[in-house]
Undergrad: 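Handing you a structure now.
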Amino acid sequence: MQLISLVIPIYNEEQNVELIYQAIIQVFKNLQDKYQYEIIFIDDGSQDQSSHEIKKIYQQDYKVKFLQLSRNFGKEIALTAGLHYTQGDAVIMIDADLQHPPELIPEFLQKWHDGADIVIGIRKKNKGEGWTKKIGSFFFYKIMNQIGRNKITPRATDYRLLDQKVVREFKKFTERDRMTRGLIDWLGFDKDYVYFTANERKFGKATYSFPKLIKLALSSFVTYSLFPLKLAGYLGTFIVITSGLLGLYIIIVQYIISPQSMVFSYVAQLAVLNIFLIGVVLSCLGLIALYVGCIHKEIMNRPLYILKDKQGFKE
Ligand code: UDP
Ligand code: MG
C-alpha cells in the first residue's frame, strides 16, 4: 500500500486543527483499502493553543506527527520543514484553515495515478477576498511573468501533491529566501491541475497579512530576476546616449561653428555634462547587476539539473 504524507503548516489555528484533522480522516476513510497516510503538523511558532491542540490529536493517533518550530519562520519555511520530514510515496501540502477543500484529495491522488508528478490546486475564485489582494495578485503574476525566467501559473496555490521523487529533489535546495511554489515550478516534471473554489477561512483571520504578502512578492522578484538592477543599467545607457549626443551637439555648435557668441550658457553645458556622468554611473550599476547575477546563481547553489527518470544504473 502506498503512503501519503499530508503536510499542514499551522500558525495560530487553534480552532482549525481539529477540523482539518477530522476532514482528512473522513476523506481517507473512503480510501482505506488503497492508501495509508501520515499527517505532519508543523507548528510555525503559534502564540495560541495550536500546539496544545496538535498534541492532543497526536497522543490519540499514531498517524499524526508533530514538528514545532522555535518561532514563527513563515509559511514557506514551515512547509519546507514539513517536506523534509515526509516519508510518503506522495506528499500533499494543504492549508489548515480549510480554504483548500480536503474533499478534493481523491482527485489529486487520481491525477497522480494517471502519471502526474506534481498536481497543483488552482484557485477559481476566493470568496471573501479583499480587492487589495485581488489587484495585488493580478499585478504580481503580470510582473513575475514579464521579468521572471520561468513562468508561473496565475492562481496556482500551495495546495499541491508532489511525488516522492519531486520531494527528493526539493530537499536539495539550500536557498534561504524562498517561495515554495516557485521552487517547485522550477523543478519541472509532469504537472496536472485540480480546480477548486476557495472557501472563506473557517476560524481566525489570514495571517498572511498585506505587508507579509508584499514582502513575499518582493523577495520573489528579487530571487527570480535581476530586472530591477538591470533596469538601472538600461536607464543609464539611455541617458548616456541621449546626453552624449546632446553634448556633442553643444560642442560642435558652441566651440566649432560659432565660438564668438554664447549659444549655450555655462550652466546648461554643465548640466548636460552632469547628466551624462549620472548616466555613466547608472550604466555601471547595470554592469554590476551582471556580476551580482553570477554570484546570486552560485550562492543559491541550485542543482545543475533534475533527472526525471533513470534506467539501467545500479543504485
Ligand atoms: N501559516 C504559517 N506561518 C505563517 C503564516 C501562515 O504556517 O507565518 C499557515 C497558516 O496556519 C495556514 C497557511 O499557512 O495553514 C495559510 O495561511 P493563511 O490562511 O494566513 O494565508 P492565505 O490563505 O491568505 O494564503
Ligand atoms: Mg488561508
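Counting convention: from 1, in listed order, for ligands and their atoms alike.
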Undergrad: Of the side chain and backbone of I10, name the one, both, or neither that has a heavy atom under 4.0 Å from an atom of ligand 1.
TA: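 The answer is the backbone of I10.
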Undergrad: Could K75 and D158 be called an ion pair, given the rule that one side-chain N must be under 4.0 Å from one carboxylate O?
TA: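 Salt bridge flag = yes for D158 with K75.
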Undergrad: Within a strict 4.5 Å, meaning less than it, do heavy atoms of the T237 and I241 side chains meet?
TA: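 Yes, their side chains come closer than 4.5 Å.
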Undergrad: Decide, yes or no, whether a salt bridge links D117 with K191 under the criterion of side-chain N to carboxylate O below 4.0 Å.
TA: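 The answer is no: the pair does not qualify as a salt bridge.
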Undergrad: Please name all residues satisfying side chain to side chain contact (heavy atoms under 4.5 Å, CB included) with S5, sequence neighbours left out, ordered by chain then number.
TA: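 Here the qualifying residues are E38, T86, V91.
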Undergrad: Taking the six-membered ring for Trp, are the ring centroids of Y58 and F41 within less than 6.0 Å of each other?
TA: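 No - the distance between ring centres of Y58 and F41 does not fall below the 6.0 Å cut-off.
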Undergrad: Below 3.5 angstrom, do we get any N/O pair linking A78 and ligand 1?
TA: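 No, there is no polar N/O contact under 3.5 Å.
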Undergrad: I want to know whether Y37 and F28 have ring centres closer than 6.0 Å.
TA: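 When the ring centroids of Y37 and F28 are compared, they turn out to be within the sub-6.0 Å range.
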Undergrad: Taking only heavy atoms of E13, which atoms of ligand 1 are found under 4.0 Å from at least one of them?
TA: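 Checking each atom against E13, I get 10 (C), 11 (O), 12 (C), 15 (O).
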Undergrad: Taking 4.0 angstrom as the limit and counting only heavy atoms of Q99, give me the atoms of ligand 1 inside it, by number and element.
TA: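 Listed by number with element, the hits are 19 (O), 23 (O).
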Undergrad: Provide the number and element of each atom of ligand 1 under 4.0 Å from a heavy atom of N72.
TA: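 Once the distances to N72 are compared, the set is 3 (N), 4 (C), 8 (O).
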Undergrad: Which of the numbered atoms in ligand 1 are under 4.0 angstrom from any heavy atom belonging to A96?
TA: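 Within the 4.0 Å cut-off of A96, ligand 1 contributes 15 (O).
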Undergrad: Rounded to 10°, how many degrees is the angle OE1/Q99-the Mg ion (ligand 2)-OD2/D97?
TA: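 Rounding to the nearest 10 degrees gives 100°.
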